[in-house]
Number of protein chains: 2
Amino acid sequence: MHRKTAEFSRFIAGKGLKSTRQRTAVAEVFFSTRGHISAEDLYLKVSGLHPGIGLTTVYRTLRLLTEAGLAKEHRFGESQGVFEKEDNARHHDHLICTRCGRIIEFKEPSIEKMQEAVAEKYGFVVEDHKLELYGLCRSCRTA
Amino acid sequence: MHRKTAEFSRFIAGKGLKSTRQRTAVAEVFFSTRGHISAEDLYLKVSGLHPGIGLTTVYRTLRLLTEAGLAKEHRFGESQGVFEKEDNARHHDHLICTRCGRIIEFKEPSIEKMQEAVAEKYGFVVEDHKLELYGLCRSCRTA
DNA sequence: TTATCTGCAAACCCTTTGCATTTAA
DNA sequence: TTAAATGCAAAGGGTTTGCAGATAA
């Protein structure tokens with residue numbers, strides 16, 4: 001079993017939910033998938049190994065994985081949503097005070113989603129990004 | 001008539017299409033709207049002035065406006081699409097291909113709005129920003 | 001005149017929900 | 001034992017499409 005599937009099981013248990021055959025199957029296949037995958041494609045992959053599983057269950061499990069912070073949903077363009085593994089040791093961006101030099105680290109998944117959508121519009125696949133916001137922090141502003 | 005509505009009419013004519021009452025009405029209301037507006041809200045606004053217009057026509061006109069480069073559609077989060085005027089003389093950010101070095105300029109008002117929201121969360125007021133997206137462009141990806 | 005438009009209703013597509021049944025704990 | 005999960009079918013919600021009648025050029 002994938003390390004992340006085990007982590008998912010712990011998350012499930014922690015919420016007082018049940019660890020089912022289907023959830024484990026979906027997680028296992030999801031974590032062995034590289035890049036993005038749609039709910040439907042994941043459903044097809046899992047179906048190959050565990051016939052009879054429902055597309056609905058795949059959707060529900062993907063939602064749980066997302067809540068667990070193990071998956072991330074993207075909506076590129078106008079098409080169907082796709083999911084990818086969420087890596088928690090992630091990039092962060094910076095807020096920089098132009099007066100006192102104070103630096104605050106932050107991350108904003110919603111901004112990153114948009115960055116990817118922009119990139120997609122131009123045919124790009126984002127590998128990395130740099131976002132720096134320059135301005136005045138509260139104390140410099142009120143001082 | 002709005003300067004941009006006139007520009008839209010020229011675009012329409014250039015494509016051998018017809019300048020109709022409805023298209024002009026939608027464009028006129030759209031260009032007098034600040035910020036983002038959904039197809040449905042635009043439909044409601046136009047309906048007030050031109051009863052009987054169809055939501056379908058609003059969608060079709062918004063598509064034409066977008067093709068003309070006069071409108072821009074955004075899909076924030078998972079919700080319905082919204083449109084805004086496309087302004088060609090603004091700050092832009094960069095998309096950089098890490099393989100061929102190709103650089104594309106883009107601007108994304110929605111990202112800037114979110115940047116300000118994030119900054120505000122930390123007590124900052126944004127004066128400037130730098131956003132660089134690094135990745136692979138279409139040709140480098142498919143090559 | 002005639003190709004394009006319009007508005008309505010129906011279709012679409014992806015995703016979620018309702019519900020009766022099954023299952024993990 | 002029993003609260004939670006499953007799978008099916010049906011509903012949702014925003015957007016698009018088919019079509020017959022209307023209209024701009």
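Every chain is numbered from 1 and lettered A, B, ... according to where its sequence line falls, protein lines coming before strand lines.
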Which residue lies more 5' along DNA chain D, comparing Thr20(B) with Ser38(B) via nearest heavy atoms: Ser38(B)
Whichever of Ile53(B) and Tyr59(A) has its nearest DNA chain C nucleotide further upstream toward 5': Ile53(B)
Touch class at under 4.0 angstrom, heavy-atom based, for Arg60(B) against every strand present: base
Nearest-Å distance for atom pair CG/P, residues Leu42(A) and dC14(C): 15 Å
Pair Lys72(A) + Glu116(A), salt bridge at N-O below 4.0 Å: no
Minimal non-hydrogen separation, Leu95(B) against Val118(A), with atom names: CD1-O, 4.3 Å
Between P of dA5(D) and NE2 of His50(A), the distance in whole Å: 19 Å
Interatomic distance where NZ belongs to Lys18(B) and C1' belongs to dT6(C) [whole Å]: 11 Å
Check: Gly123(A) main-chain N/O paired with Arg141(B) side-chain donor or acceptor under 3.5 Å: yes
Approximate separation, where rounding is to 0.5 Å, of Leu62(B) CG and Ser38(B) OG: 9.5 Å
Per Arg63(B) side chain, nearest of listed nucleotides dC5(C), dC8(D), dT17(D): dT17(D)
Closest to the Ser19(A) side chain, choosing from dA25(C), dT15(D), dT15(C): dA25(C)
Rounded distance in Å - CZ (Arg23(B)) to C1' (dT4(C)): 8 Å
Separation of atom CD in Glu40(A) from atom C1' in dC12(C), rounded to whole Å: 14 Å
Nearest-Å distance for atom pair CZ/P, residues Phe83(B) and dG14(D): 13 Å
Sole residue of Glu112(A), Lys113(A), Glu108(A) in side chain to side chain donor-acceptor pair (under 3.5 Å) with Ser110(A): Glu108(A)
Rounded distance in Å - CD1 (Ile12(B)) to P (dT23(D)): 18 Å
Distance, rounded to the nearest Å, where Gln22(B) contributes CD and dG21(D) contributes C1': 13 Å
Contact nearer the 5' end of DNA chain C, comparing Thr56(A) with Thr57(B): Thr57(B)
